[in-house]
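To start, the structure under review is shown below, and the notes come after it.
On a predicted model such as this, the values are computed, not experimentally measured, just so you know.
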2 protein chains.
Amino acid sequence: MIKKEAQNFEIDNLDIDILKQLMVDGTKPYSEIAKDLIVSGGTIHVRMKKMQEMGIIEGTHLVIHPQKVGYDICAFLGIFLEKGIQYKDAVAQLSKIKEVVELHYTTGTYSMFAKIICRDTNHLRHVLNEEIQAVEGIQRTETLISLEESIKRQIELS
Amino acid sequence: MIKKEAQNFEIDNLDIDILKQLMVDGTKPYSEIAKDLIVSGGTIHVRMKKMQEMGIIEGTHLVIHPQKVGYDICAFLGIFLEKGIQYKDAVAQLSKIKEVVELHYTTGTYSMFAKIICRDTNHLRHVLNEEIQAVEGIQRTETLISLEESIKRQIELS
DNA sequence: GTTGAAAAGTGCTGCGA
DNA sequence: TCGCAGCACTTTTCAAC
């Protein structure tokens, strides 16, 4: 009998309520969260520790507006891989390109799909023509440039 | 004479070093950052306050692994809009769909590009067939399902 | 598992250089 | 503009429920 990895669901509504608050503002004091949810500060701490050990929490990150520090361009790249190319090898090479901030192995039109952040059009051209083209196994790519990021949020837990 | 909005670049290397550390771990104490960068804790505080006022900092967020809380599917959606449809109207409708976590107005193959997080295939089907199809102005969509998120990070400041 | 309070560490705010 | 020092607050821990 195969054991189901059910520990993923050993979180209750209190845990979810805590996560919801910290996902919006990671600096919110435990003491305030405790007041909101009518439990003690110690409980928040215990729950957070449990979820960290369970690996549910990836971390707390300061998020900046890339445009305000000179990164004006956000682009998506649909990547077609050559046949017989190991996906892992392409990932290893692409991960060395710092402008690639997200990479997915996908079904559908493309083999892989990447999100790229660049300073300006010159920078983007350099990344596409020099960096990406140098990756072995990439047959061709298709570029979508984001003119506006209209929505950006995390999933709403329930 | 048009005044150039040059205040975007009123940040120096110290500011960037602070951001770099907090982007990795938003809970890192100012006092430790100060030790690393060989300045006082007060300086870190002043710099952070300045950058918050400048609007460089979006916020601090707790980031979770969606899969560990039951959200197993990540998909991208290329959206074709009907001609004559106001982009803003489509955004307003799509923003009501909580599963849409990112939305871009793009050049290239698609009019818009969305990232969607769902619990399972049933949930995804519901979102695509019921929620997305109900949005006025969407002609058709193309779905890319992410089988693996190989890279996920923020831009590396320099 | 939760509580409440004590102990340790951090963030914030003046004043001085 | 930066650094130092004191105060207020938060996190963390732990015995008791």
Which is it for B:Gln93 and B:Ile138 under the side-chain contact (heavy atoms from CB on, under 4.5 Å) test, yes or no, and what are the steps along the way?
CA-CA 11 Å; B:Gln93 292 179 71; B:Ile138 291 184; over 6 Å; no
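Rounded to whole angstrom, the span from the CD1 atom of A:Ile33 across to the P atom of D:dT11 amounts to 8 Å. In this structure, A:Lys49 places its NZ atom 9 Å from P of D:dC14, rounding to the nearest Å. In this entry the distance linking CG of A:Asp12 with P of C:dG1 reads 10 Å, nearest Å. Rounded to whole Å, the distance from CD1 on B:Ile18 to P on D:dC2 is 10 Å. Atom CD of A:Glu32 and atom P of D:dT10 are 7 Å apart (whole Å). Rounded to whole angstrom, the span from the OH atom of A:Tyr30 across to the C1' atom of C:dA5 amounts to 19 Å. Atoms CG (A:Leu14) and P (C:dT3) sit 9 Å apart, rounded to a whole Å. If you take NZ of B:Lys35 and P of C:dG9, they are 11 Å apart, rounded to a whole angstrom.
Under 4.0 angstrom from either OP1 or OP2 of D:dT12 there lies at least one side-chain N or O belonging to A:His45. Between B:Thr43 and the phosphate of D:dT1, there is no side-chain N or O to OP1/OP2 separation shorter than 4.0 Å.
Using a 4.0 Å heavy-atom cutoff across all strands shown, B:Val46 reaches no nucleic acid atom at all. Within 4.0 Å (heavy atoms only), A:Ser31 reaches sugar-phosphate atoms of the nucleic acid but no base atom.
Here the closest non-hydrogen pair linking A:Tyr71 and B:Glu156 is OH-O, 3.5 Å.
Across D:dT13, C:dG1, D:dG3, the shortest atom-to-atom separation from the side chain of A:Arg47 is found for C:dG1. Out of D:dT12, C:dT2, C:dT10, the shortest distance to the side chain of B:Pro29 is found at C:dT10.
Rounding to the nearest 0.5 angstrom, the gap separating the NZ atom in B:Lys20 from the CD1 atom in B:Ile33 is 13.5 Å.
Remark: the backbone N or O of A:His104 is not paired with any side-chain donor or acceptor of B:Ser146 at under 3.5 angstrom.
Classified by interplanar angle (parallel below 30°, tilted 30° to 60°, perpendicular above 60°), the ring pair B:Phe80/B:Tyr110 is perpendicular.
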